[in-house]
Trainee: 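Mind looking over this structure? Questions follow.
Starting from 1, each residue takes its place in the sequence as its number.
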Amino acid sequence: APASQFMGASQSVWRGMDEKSYYLSFGLLGKATEIPKGFEYETVFYAGRGVNDAVAGWGRQMRERYGKTDDFREADFSINYVGYWTDNGACYHYYPGDVNYEQTMMQVHEAAVQKEIPFRYLQLDSWWYFKGPHDGVKNWTAMPTVFPHGLPYVHNQTRWPMFAHNRWCFNLGQS
């Protein structure tokens, strides 16, 4: 994994031409057109006894390297409580069924209450806001076709905080 320059790093596993060998490669993203003088990029390779051990060990090593602790876990709502996610792979990702997303999220809330599922927040993927070119945020407000009464209404009805995702901002505030 990258140990520095995280946003410009790339890693991949690929099969050799003999179709028996596998290769692991690390480096900069292939679209880099120039590298500034003095630029440094570092990679860390960490192996452990199984996936969990390797990921935990890698995380410890990176926290030590950058002088960080794992205290954030206690403060991070999304890893301390169960939430309802609507991102890629979720049941309602870009398809709310026969009703709009507002109605769907209200039905999810009702079912969670009835079945005593302890959801504490709602994650909204990139399907709810106005988009500009390349699906970037054009206007960070809910489209009326998606949430006719707006996001505050859904929050007030469910009492769930919302975590909202977007790909990137396009001319935000200029729509």
Trainee: L151, W85: one ILVMFWY side-chain cluster at the under-4.5 Å cut-off?
Mentor: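 No, because L151 and W85 fall into different hydrophobic clusters, even though each may have its own neighbours under 4.5 Å.
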
Trainee: Starting at CZ of R63, measure out to OG1 of T69 and round the result to the nearest 0.5 Å.
Mentor: 8.0 Å

Trainee: Do Y121 and V108 belong together in a cluster built from hydrophobic side chains that touch within less than 4.5 Å?
Mentor: no

Trainee: Under 4.5 Å between side-chain heavy atoms, hopping through other hydrophobics if needed: is there a path connecting F77 to F119?
Mentor: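 Each belongs to a different hydrophobic cluster.
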
Trainee: For this output row, return yes or no: ring centroids of H109 and W160 closer than 6.0 angstrom.
Mentor: yes

Trainee: When you measure from the centre of the six-membered ring of Y129, is the NZ or CZ of K131 closer than 6.0 Å and no more than 45° off the axis?
Mentor: yes

Trainee: Considering all heavy atoms of both residues, which atom of F130 and which atom of P144 are nearest to each other, and what is their separation?
Mentor: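 Where F130 meets P144 most closely, the heavy atoms are CZ-CD, 3.7 Å.
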
Trainee: State, yes or no, whether a side-chain contact exists between P2 and T43 at a heavy-atom distance under 4.5 Å.
Mentor: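 A side-chain contact under 4.5 Å is absent here.
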
Trainee: Can you find a heavy atom in the side chain of N166 that is under 4.5 Å from one in the side chain of S126?
Mentor: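 No - every pair of side-chain heavy atoms lies 4.5 Å or more apart.
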
Trainee: How many angstroms lie between OG1 in T158 and CZ in R120, if you round to the nearest 0.5 Å?
Mentor: 12.5 Å

Trainee: Please round to the nearest 0.5 Å and tell me the distance separating atom CG of D53 and atom CH2 of W58.
Mentor: 14.0 Å

Trainee: Between H165 and L124, does a side chain to side chain contact (heavy atoms under 4.5 Å, CB included) hold up when you go through it step by step?
Mentor: CA-CA 6 Å; H165 161 79; L124 303 176; over 6 Å; no

Trainee: Got M162 and Q123 here, is their nearest side-chain heavy-atom distance under 4.5 Å?
Mentor: no

Trainee: Tell me, do Q157 and M106 make a side-chain contact under 4.5 Å, heavy atoms counted?
Mentor: yes

Trainee: Looking at every heavy atom in both W140 and A164, which two are closest together, and how far apart are they?
Mentor: CZ2-CB, 3.7 Å

Trainee: Does F147 reach the side chain of M143, with side-chain heavy atoms less than 4.5 Å apart?
Mentor: no

Trainee: Pair up each side-chain donor or acceptor in residues 20-28 with any protein partner under 3.5 Å, not counting sequence neighbours, and list the distances.
Mentor:
from : atom 1 : to  : atom 2 : distance (Å)
S21  : OG     : D18 : OD1    : 3.4
S21  : OG     : D18 : OD2    : 2.9
Y22  : OH     : R15 : NE     : 3.1
Y22  : OH     : R15 : NH2    : 2.4
S25  : OG     : S12 : OG     : 3.0

Trainee: Do E102 and H149 have a side chain donor and acceptor closer than 3.5 Å?
Mentor: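 E102 vs H149: donor-acceptor pair found between side chains.
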
Trainee: Between E74 and D71, is there a donor-acceptor pair closer than 3.5 Å when you use the side chain of the first and the backbone of the second?
Mentor: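 No, E74 side chain to D71 backbone: no donor-acceptor pair under 3.5 Å.
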
Trainee: How far apart are the C-alpha atoms of W128 and F163, what are their side-chain angles, what is the distance that settles it, and do they pass the ring-ring contact (aromatic ring centres under 6.0 Å, His included) test?
Mentor: CA-CA 12 Å; W128 61 275; F163 297 173; over 10 Å; no

Trainee: Where do T104 and V99 come nearest, in terms of heavy atoms and distance?
Mentor: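 In terms of heavy atoms, the two residues are closest at OG1-CG2, 3.3 Å.
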
Trainee: Could I get the full list of salt bridge (Lys or Arg N to Asp or Glu O under 4.0 Å) partners for E42, not counting sequence neighbours?
Mentor: R65

Trainee: D76: which residues meet the salt bridge (Lys or Arg N to Asp or Glu O under 4.0 Å) condition with it, sequence neighbours left out?
Mentor: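 By the salt bridge (Lys or Arg N to Asp or Glu O under 4.0 Å) rule, D76 matches no residue at all.
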
Trainee: Identify the two heavy atoms, one from S4 and one from E40, that lie closest to each other, and give their separation to 0.1 Å.
Mentor: OG-O, 4.0 Å

Trainee: When rounded to the nearest 0.5 angstrom, what is the spacing between CD1 in I117 and OH in Y84?
Mentor: 9.5 Å

Trainee: Check whether any side-chain heavy atom of D70 sits under 4.5 Å from a side-chain heavy atom of R60, and report yes or no.
Mentor: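 D70 does not reach R60 side chain to side chain.
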
Trainee: Same cluster or not: Y101 versus Y153, using hydrophobic residues (I, L, V, M, F, W, Y) connected whenever any side-chain heavy atoms lie under 4.5 Å apart?
Mentor: yes

Trainee: Honestly curious: do V44 and V13 fall in one hydrophobic cluster under the side-chain, below-4.5 Å linking rule?
Mentor: no

